[in-house]
Amino acid sequence: MTGLWTLFYKELLRFWKVGLQTILSPLVTTLLYLLIFSHVLESHVQVYPGVGYTAFLVPGLVMMSMLQNAFANSSSSLIQSKMSGNVVFLLLPPLAYWEFFAAYVAAAIVRGLVVGVGVGLAGLWFTPVTLAHPLWMMAFALAGCAMLGAMGIITALWASGYDQMAAVQNFIIMPLTFLSGVFYSIHSLPPFWQALSHYNPFFYLIDGFRYGFFGVSDVSPELGLLIVGTCFLALSLATLALLKSGYKLRN
């Protein structure tokens with residue numbers, strides 16, 4: 001287990017030493033969304049009875065920032081190691097493929113949670129937010145960060161360069177997060193788009209995480225967590241299979 005903890009510690013140091021880029025930058029970006037949307041729509045939109053739009057917006061932005069940063073952490077670290085050639089130093093030690101996976105996913109979870117806590121605390125300056133079900137909130141936060149951490153590893157293994165990795169982030173991760181109900185409830189959408197939203201796994205993450213705050217959700221949190229857990233299991237098995245085969249690492 002020494003190798004796992006060493007790699008995990010190395011990944012923590014990697015994003016912590018460039019905190020302006022990895023923590024402060026996404027925090028400022030998310031707060032700009034909160035400032036603009038809350039200022040424009042606070043007096044015009046109410047999604048849940050008794051819940052202001054700014055309060056509704058905070059959990060969605062927190063989860064969105066956690067997902068994007070968990071993905072960015074594992075994907076950027078591994079692709080940088082591949083492009084610079086120092087990935088060989090990760091392959092030479094007697095490090096099991098599951099330890100490799102666990103260390104990268106755990107570091108992605110930590111970065112996602114750090115950014116999420118920062119966004120959440122900053123959101124309290126705009127509006128008070130209650131926690132109706134904190135255990136549900138934590139369950140969806142951990143599941144979301146872990147799922148995106150695994151997706152980041154798969155993307156970095158597949159990508160041959162920074163442009164391919166950026167394409168996945170810009171054309172898959174970002175649209176899925178923006179269209180998952182961060183800024184709206186799916187009940188405000190036409191029936192076709194409501195049905196389509198249920199095929200977006202990020203929707204269940206946003207909806208379940210928001211349930212932890214307000215005790216209200218568009219789908220049951222049990223169903224949401226089941227779907228998210230199934231997606232994470234599938235991604236984990238795929239990632240472990242790729243790492244075990246040495247796909248684009250040893251081959």
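Count residues from 1 along the sequence.
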*Below 6.0 angstrom between ring centroids: does that apply to Phe100 and Tyr104?*
yes
*Do Trp16 and Val105 share a hydrophobic cluster (ILVMFWY, side-chain heavy atoms under 4.5 Å, transitive)?*
yes
*Is the backbone N or O of Gly123 less than 3.5 Å from a side-chain atom of Thr127, with the two atoms forming a donor-acceptor pair by type?*
no
*asked:* Using a 3.5 Å distance criterion without hydrogens, assess whether the side chain of Ser217 forms a donor-acceptor pair with backbone atoms of Val219.
replied: yes
*Just how far is it from atom CG of Leu148 to atom CD1 of Ile109, taken to the nearest 0.5 Å?*
10.5 Å
*asked:* Quick check for you: to the nearest 0.5 Å, what is the distance between Tyr33 atom OH and Leu35 atom CG?
replied: 13.0 Å
_Near-ring test Phe213/Phe209, centroid separation under 6.0 angstrom_ = yes
*Would one find more than 12 heavy atoms of other residues, nucleotides or ligands at under 6.0 Å from atom CZ of Phe178?*
yes
*Is there a donor-acceptor pair under 3.5 Å between the side chain of Tyr247 and the backbone N or O of Thr239?*
no
*Can you establish whether the number of heavy atoms outside Lys10 located under 6.0 Å from its atom NZ is more than 12?*
yes
*Closest heavy-atom contact between Gly215 and Ala132?*
N-CB, 3.7 Å
*Counting only N and O atoms by type, is there a donor-acceptor contact under 3.5 Å from the side chain of Lys248 to the main-chain atoms of Trp158?*
yes
*Report yes if some heavy atom in the side chain of Trp125 is under 4.5 Å from a heavy atom in the side chain of Leu31; otherwise report no.*
no
*asked:* Using only atom types and a distance under 3.5 Å, with no angle test, would you say the side chain of Gln164 pairs donor to acceptor with the backbone of Ser160?
replied: yes
*Enter the distance from Arg111:CZ to Cys145:SG here, rounded to the nearest 0.5 Å.*
11.0 Å
_If you apply the rule side-chain hydrogen bond (donor to acceptor under 3.5 Å, both in side chains), what do you find for Gln169 with Ser75, and how did you get there?_
CA-CA 10 Å; Gln169 189 162 12; Ser75 61; 5.2 Å; no
*Atom CE of Met66 and atom CG of Leu142: how far apart are they, to the nearest 0.5 Å?*
8.5 Å
*asked:* Pair Phe183, Tyr53 - check side chain to side chain contact (heavy atoms under 4.5 Å, CB included), show working.
replied: CA-CA 9 Å; Phe183 302 99; Tyr53 182 72; 3.8 Å; yes
*Does the side chain to side chain contact (heavy atoms under 4.5 Å, CB included) test come out yes or no for Met151 and Ile154, once each step is laid out?*
CA-CA 5 Å; Met151 288 183 66; Ile154 293 176; 5.7 Å; no
*Answer yes or no: is there a donor N or O on one side and an acceptor on the other, between the side chain of Ser77 and the main chain of Ser74, under 3.5 Å?*
no
*For Leu240 and Lys244, run side chain to side chain contact (heavy atoms under 4.5 Å, CB included): C-alpha distance rounded to whole Å, both residues' side-chain angles, the deciding distance at 0.1 Å, then the answer.*
CA-CA 6 Å; Leu240 289 169; Lys244 185 177 181 179; over 6 Å; no
_Donor-acceptor contact below 3.5 Å, side chain Asn69 vs main chain Ser65_ = yes
*Look up atom CD1 in Ile186 and atom CG in Asp218, then write down how far apart they are to the nearest 0.5 Å.*
4.5 Å
*Could you walk me through whether Tyr184 and Leu179 pass the side chain to side chain contact (heavy atoms under 4.5 Å, CB included) test, one step at a time?*
CA-CA 9 Å; Tyr184 56 87; Leu179 298 176; 4.1 Å; yes
*Are Met64 and Leu61 side-chain neighbours, meaning at least one heavy-atom pair lies under 4.5 Å?*
yes
_Residues Thr22 and Asn73: side-chain donor-acceptor under 3.5 angstrom_ = no
*Full working for ring-ring contact (aromatic ring centres under 6.0 Å, His included) between Phe140 and Tyr204*: CA-CA 9 Å; Phe140 278 98; Tyr204 298 97; 9.1 Å; no
*asked:* Is there a path of hydrophobic side-chain contacts, each under 4.5 Å between heavy atoms, that joins Leu124 and Val115?
replied: yes
_Test item: Trp98 and Leu4 side chains (from C-beta on) under 4.5 Å apart, heavy atoms_ = yes
*Specify whether Tyr211 and His133 have parallel, tilted or perpendicular ring planes, treating 30° as the upper limit for parallel and 60° as the lower limit for perpendicular.*
parallel
*Out of curiosity, Ile172 CD1 to Phe202 CZ, how far, rounded to the nearest 0.5 Å?*
9.5 Å
*Can any side-chain N or O of Asn200 pair as donor or acceptor with the backbone N or O of Leu176 at less than 3.5 Å?*
yes
